[in-house]
*Asks:* 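One structure, as structure tokens, below. Some questions next.
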2 protein chains.
Amino acid sequence: MATTPKRRLPVMADVAKEAGVSHQTVSRVLNDHPNVRADTRARVEEAISRLGYRRNLVARALVTKRSRMLGVVSFDTTLYGPASTIYGIEQAARTAGYFVSIVSLKSLDATSVRAAIDYLTEQGVDGVVVVAPQRSAGRALESLPSGTPAVAVEGTHRADVSVVCIDQFEGARLATRHLLDLGHETVWHVSGPPDWLETEGRLAGWRTTLEAAGRPVPPPLPGDWSPRTGYEAGRRLAAMDEVTAVFAANDQMALGVLRALSEEGVKVPDRMSVVGFDDIPESEFFSPPLTTVRQDFDAVGRRCIEALLRQIDSGPVAYERLVVPPAFIVRSSTAPAR
Amino acid sequence: MATTPKRRLPVMADVAKEAGVSHQTVSRVLNDHPNVRADTRARVEEAISRLGYRRNLVARALVTKRSRMLGVVSFDTTLYGPASTIYGIEQAARTAGYFVSIVSLKSLDATSVRAAIDYLTEQGVDGVVVVAPQRSAGRALESLPSGTPAVAVEGTHRADVSVVCIDQFEGARLATRHLLDLGHETVWHVSGPPDWLETEGRLAGWRTTLEAAGRPVPPPLPGDWSPRTGYEAGRRLAAMDEVTAVFAANDQMALGVLRALSEEGVKVPDRMSVVGFDDIPESEFFSPPLTTVRQDFDAVGRRCIEALLRQIDSGPVAYERLVVPPAFIVRSSTAPAR
DNA sequence: CTGTTAGCGCATTCAC
DNA sequence: GTGAATGCGCTAACAG
């Protein structure tokens with residue numbers, strides 16, 4: 001049956017024999033224990049490289065009960081936001097000496113999220129970060145076995161799960177305020193899909209700013225983050241003469257709006273100003289270049305790992321809520337009202 | 001020291017005691033062995049759920065020498081291509097019952113790639129897929145310990161490493177041919193960064209098609225995938241009166257070209273036709289909507305996992321080269337030559 | 001059908 | 001400083 005002779009990989013005992021010491025001592029040099037004489041250490045290290053020995057982290061994890069592996073559960077990692085966040089997480093984790101095991105879900109319902117977390121737990125991750133921007137996902141976190149180190153990106157209000165998020169409200173306020181300061185009577189909004197925390201935060205920031213300024217609050221146009229829904233909203237906006245300023249909940253929808261406006265002959269920013277959210281790499285080259293709100297996903301990733309390691313190293317900690325501030329980027333898609 | 005009493009998680013022995021059987025029988029029901037009486041199985045399953053038992057896959061991996069974990073090494077997972085490929089890989093892997101551990105590199109030099117693979121190997125992955133679109137990364141694969149199941153996306157020519165790739169040459173041929181068929185005398189090209197296999201494949205497809213048609217081959221304008229370099233190329237192109245058709249090596253650069261052309265008052269597609277490559281979600285809403293070459297990243301991910309599992313399950317196999325065909329998407333950025 | 005006996009490769013007591 | 005036991009939680013033989 002077995003066609004391959006498959007020579008066994010060297011284990012610690014082989015190194016020990018080769019170096020003429022006990023496997024114990026090998027373990028010591030591998031883990032930088034102080035109590036090893038310099039020349040013994042050298043002998044062992046030489047044996048290691050001669051045999052091409054690589055330690056077996058699985059066996060190590062079994063006894064230490066630490067896998068040095070973190071789990072990440074996320075929704076559609078093809079989107080710019082999640083992809084960037086995960087990239088940040090992975091970089092920070094690896095710097096701290098941890099691996100990252102990823103599960104990308106097609107749907108963020110409570111059942112899927114729970115299954116993903118269970119899956120990761122069985123596999124022995126030391127902690128998990130859930131990139132769970134939807135309310136339903138946040139609820140799934142509530143059933144997480146207490147004691148498991150966990151961090152959520154944008155979500156949940158469970159007392160022992162820390163949260164890292166970008167200040168959506170503030171970002172939306174910045175966008176709306178910018179448009180108002182430009183002299184626009186009010187600002188229309190193309191929102192994200194319901195149940196998303198980002199959608200709610202941006203909606204609230206926009207609405208509150210308008211109300212605080214005593215301006216009328218037009219009904220938000222619903223979108224789903226895709227350029228297509230932005231395009232559809234754009235068509236409707238173009239048909240309404242009184243509209244002079246639009247705040248789209250993300251850059252992709254803003255692109256759709258721009259496209260619809262261009263088709264309808266509505267000049268941006270002359271007749272209408274448009275603001276997005278995210279600052280994807282493409283935004284700077286839209287026609288016209290998009291004024292938008294930049295999110296620092298790298299910082300989010302770093303904060304997640306910091307918070308998670310804090311829990312892993314010192315046990316349950318007080319609930320934390322780490323808020324990363326957004327930045328406002330002014331480009332050419334906005335101008336003073338006529 | 002230990003402030004938390006930390007109740008130990010239930011292990012197989014606990015379940016066994018609870019169900020009044022041996023831990024072996026528990027193992028049998030967990031692994032769906034046939035030789036277990038129905039009522040015994042039921043008792044065990046009940047005990048499992050009563051205790052909230054979760055099996056320890058680390059211990060399992062130690063004895064089976066199978067971690068059911070795959071490693072992925074990739075470059076900048078923030079880019080649409082890598083992100084989509086990894087998404088496809090993760091989906092396919094999970095369907096097959098495997099986890100995916102990801103390492104995203106900032107630079108794909110041979111040293112980094114080798115370190116990443118070593119890292120993953122120590123950690124006990126059953127196989128690795130390297131999303132290594134650069135020549136230098138391919139070379140790193142050549143030092144991979146023989147016998148390790150591995151698959152490369154776009155790269156390497158090592159005899160025992162299978163490759164999955166999209167037919168770049170054909171995609172570029174389609175794009176160039178389309179422009180030529182529209183009556184353009186020749187086609188200019190904004191290329192990707194050197195050392196990338198995609199860059200070379202697209203360059204070759206473009207050049208060969210031009211030569212086969214007996215057309216002049218203009219010097220390619222160098223880019224680095226970013227919209228900015230496309231923009232710079234666009235400025236130069238706009239300044240040359242004879243240019244009527246441009247093929248950009250990716251959609252982001254095409255966006256930059258479009259932006260530059262728009263600034264210079266060069267109408268697309270009236271005075272100049274533009275084609276991209278990738279079909280990112282935004283392309284359909286560029287101004288004008290972009291004619292481009294679509295890559296099926298999901299298929300790439302699936303093929304990778306299929307090839308990898310084939311190696312894992314049946315040992316080293318003959319070198320395979322799986323080529324995924326591209327699709328050509330005609331939109332509004334191309335038109336007949338004046 | 002089910003239980004018993006051995007390890008998987010390593011780190012962690014302890015001795016010396 | 002170093003070596004000898006012991007066991008992490010599980011599956012793989014082999015009994016019965």
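Each chain gets a letter, A, B and so on, in the order its sequence line appears, and its residues count up from 1. Not measured: the values here are computed from a predicted model.
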*Asks:* Which label fits B:Tyr119 and A:Phe99: parallel for a plane angle under 30°, tilted from 30 to 60°, or perpendicular past 60°?
*Replies:* parallel

*Asks:* Side-chain contact test, heavy atoms from C-beta onward, threshold under 4.5 Å: evaluate it for A:Val151 versus A:Val163 and give yes or no.
*Replies:* no

*Asks:* Rounded to whole angstrom units, what separation is found between the CG atom of B:Asn35 and the P atom of C:dC1?
*Replies:*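 Taking CG of B:Asn35 and P of C:dC1, I get 6 Å after rounding.
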
*Asks:* Can you tell me if A:Thr25 touches the phosphate of D:dG3, counting only side-chain N or O atoms and a distance under 4.0 Å to OP1 or OP2?
*Replies:*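 For D:dG3, OP1 or OP2 has a side-chain N or O of A:Thr25 closer than 4.0 Å.
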
*Asks:* Please pick, from D:dG9, D:dG1, D:dT11, the nucleotide with the shortest atom-to-atom distance to any side-chain atom of B:Ser27.
*Replies:*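 Nearest to the side-chain atoms of B:Ser27, counting from C-beta on, is D:dT11.
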
*Asks:* Could you check how far CG of A:Leu9 sits from C1' of C:dC8, rounded to whole Å?
*Replies:* 14 Å

*Asks:* Choose from D:dG3, D:dC8, D:dT11 the nucleotide whose nearest atom is closest to any side-chain atom of A:Leu62.
*Replies:*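 So the nucleotide nearest the side chain must be D:dC8.
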
*Asks:* Can a salt bridge be assigned to the pair B:Glu18 and B:Arg43 using a cut-off of 4.0 Å between side-chain N and carboxylate O?
*Replies:*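 B:Arg43 and B:Glu18: not salt-bridged.
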
*Asks:* Ignoring hydrogens and angles, state whether a donor on the side chain of A:Ser67 or A:Asp126 is under 3.5 Å from an acceptor on the partner side chain.
*Replies:*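 Note: A:Ser67 and A:Asp126 side chains meet the donor-acceptor criterion.
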
*Asks:* Charged N to carboxylate O below 4.0 Å: is that the case for B:Lys106 and B:Asp76?
*Replies:* no

*Asks:* Roughly how many Å is it from CZ in B:Arg66 to C1' in D:dG9, rounded to a whole number?
*Replies:* 20 Å

*Asks:* Salt bridge or not between A:Glu306 and A:Arg302? Use side-chain N to carboxylate O under 4.0 Å.
*Replies:* no

*Asks:* On DNA chain C, nearest-nucleotide positions of B:His23 versus A:Met12: which is more 5'?
*Replies:*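 Going by which nucleotide is closer to the 5' end, it is B:His23.
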
*Asks:* NA contact type, A:Asn56, heavy-atom cut-off 4.0 Å: base, sugar-phosphate, or nothing?
*Replies:* sugar-phosphate

*Asks:* Quick one: B:Glu122 CD to C:dC10 C1', roughly how many Å, whole number?
*Replies:* 13 Å

*Asks:* Which part of the nucleic acid, if any, lies within reach of A:Val21 when heavy atoms closer than 4.0 Å are counted: base, sugar-phosphate only, or nothing?
*Replies:* sugar-phosphate

*Asks:* Which angle, to the nearest 10 degrees, lies between the helix axes at the two ends of the helix from C:dC1-D:dG16 to C:dC16-D:dG1, each defined by five pairs?
*Replies:* 30°

*Asks:* Measure CG/B:Asp14 against P/D:dC8 and give the value in whole Å, please.
*Replies:* 11 Å

*Asks:* OP1, OP2 of C:dG9 versus side-chain N and O of B:Lys65: anything below 4.0 Å?
*Replies:*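 For C:dG9, OP1/OP2 do have a side-chain N/O of B:Lys65 under 4.0 Å.
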
*Asks:* Counting side-chain heavy atoms from CB outward, which of C:dG9, C:dA11, D:dG9 is closest to B:Val11?
*Replies:*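 From the listed options, D:dG9 comes nearest.
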
*Asks:* To the nearest Å, how far apart are A:Gln123 CD and D:dC10 C1'?
*Replies:* 16 Å

*Asks:* With heavy-atom distances below 4.5 Å as the criterion, would you say the side chains of B:Ile305 and B:Leu309 are in contact?
*Replies:*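 Sidechains of B:Leu309 and B:Ile305: in contact.
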
*Asks:* Does some side-chain heavy atom of B:Asp14 sit less than 4.5 Å from a side-chain heavy atom of B:Val11?
*Replies:*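 The answer is yes, as the side chains (C-beta and beyond) meet within the 4.5 Å cut-off.
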
*Asks:* Tell me the interatomic distance from B:His33, atom NE2, to C:dG3, atom C1', rounded to whole angstroms.
*Replies:*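 Rounded to whole Å, this separation is 14 Å.
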
*Asks:* When you measure from the side chain of A:Ser22, which nucleotide among D:dT11, D:dA4, C:dC10 comes out closest?
*Replies:* D:dA4

*Asks:* Checking all strands, does B:Arg28 fall into the base, sugar-phosphate, or nothing category for heavy-atom contacts under 4.0 angstrom?
*Replies:* base

*Asks:* At less than 4.0 Å, is any side-chain N or O atom of A:Tyr53 found next to OP1 or OP2 of C:dC10? Yes or no.
*Replies:*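 Yes, A:Tyr53 has a side-chain N/O under 4.0 Å of OP1/OP2 on C:dC10.
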
*Asks:* Could you tell me how far apart A:Arg37 (CZ) and D:dG3 (C1') are, to the nearest whole angstrom?
*Replies:*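 Roughly 13 Å, once rounded to whole Å.
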
*Asks:* Take A:Gln24 and B:Thr40, find for each the nucleotide of DNA chain C with the closest heavy atom, and name the residue whose nucleotide sits nearer the 5' end.
*Replies:* B:Thr40

